[in-house]
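The structure appears right after this line, and notes come after that.
For clarity, every value in this text was computed on a predicted model and none was experimentally measured.
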Amino acid sequence: MLIGLIVVVIVLIAIYFSLYNRLVALRVRSQNAWSDIDVQLKRRADLVPNLVNTVKGYASHERETLDAVTQARTRAVAAQGASVPERAAAESELTNALRGMTVAVEAYPQLQASGGFRDLQAQLATTEDAVQNARRYYNAVVRDFNTAVSTIPSSLIAGSMGYKELEFFQAEEGDRALPKVSF
């Protein structure tokens, strides 16, 4: 009887440590994934001033559009270190401002033909793809972490560790809207 009790206790301890280690690993992966998003968003923020300055040289009377991009970038940079929803909202605003600038640039064939502008636009497109990939990975890790935090028996351990569900990096309504095309 005593041996059976010892075996049960050892199995329970092993399960506890296994669940504990899984939660810690998921937490670390979520922090790493958020860091990946942060790096890509900073890279994008660093590209924006160069892009705006290039456009200014060709399309100086698009001042309102350029000011909107500059202000959105300022808010996105200021949101670094903010909560996930606040950061997502600021980055969404920058994305929408950049889309507006891209539409405005279409009226300037000389600008589109500029090698510097094309290079910056290609770098921005590559960075946007990297941001999307980082967001997707982060959200997958958050999903796994939230599932572990919410399901028994790991929820019992998560509660004792003070772990709570993490927030997803969600697109704002403006990011989900399809562009309107008219001929």
Using a 6.0 Å cut-off, check whether atom CD1 of Ile3 has over 12 heavy atoms from anything other than its own residue.
no

Could you tell me whether the side chain of Thr54 and the main chain of Asn50 form a donor-acceptor pair under 3.5 Å?
yes

Does a side-chain heavy-atom distance below 4.5 Å link Leu19 with Pro153?
yes

Under the 4.5 Å side-chain heavy-atom rule for ILVMFWY, direct or indirect, which residues accompany Leu156?
none

Which pairs pass ring pair (Phe, Tyr, Trp, His ring centres under 6.0 Å) with one or both residues in residues 130-156, sequence neighbours excluded?
Trp34-Tyr138, Phe145-Tyr163

Can you find a pair of side-chain heavy atoms, one from Val55 and one from Met101, that are under 4.5 Å apart?
yes

For residues Val142 and Asn146, determine if any side-chain heavy atom of one lies less than 4.5 Å from a side-chain heavy atom of the other.
yes

Residues forming a side-chain hydrogen bond (donor to acceptor under 3.5 Å, both in side chains) with Asn133, sequence neighbours excluded:
Arg136

Student check: side-chain heavy atoms of Ile157 and Arg22 closer than 4.5 Å
no

Any ring pair (Phe, Tyr, Trp, His ring centres under 6.0 Å) pairs touching residues 12-33, not counting sequence neighbours?
none

On a heavy-atom basis, the closest approach of Leu166 and Ser30 is CD1-OG, 3.3 Å

By side-chain hydrogen bond (donor to acceptor under 3.5 Å, both in side chains), which residues pair with Ser150, not counting sequence neighbours?
Glu165

Contacts under 3.5 angstrom, residues 37-45 side chains, donor-acceptor by atom type, not counting sequence neighbours:
| residue | atom | partner | partner atom | Å |
| --- | --- | --- | --- | --- |
| Asp38 | OD1 | Arg87 | NH1 | 2.7 |
| Asp38 | OD1 | Arg87 | NH2 | 3.0 |
| Asp38 | OD2 | Lys42 | NZ | 3.1 |
| Arg43 | NH1 | Thr127 | OG1 | 2.6 |
| Arg44 | NH1 | Thr95 | OG1 | 2.8 |
| Arg44 | NH1 | Glu128 | OE1 | 3.4 |
| Arg44 | NH1 | Glu128 | OE2 | 2.8 |
| Arg44 | NH2 | Glu91 | O | 3.2 |
| Arg44 | NH2 | Glu91 | OE1 | 2.4 |

So, does Ser18 use its side chain to make a donor-acceptor pair with the main chain of Ala14 at under 3.5 Å?
no

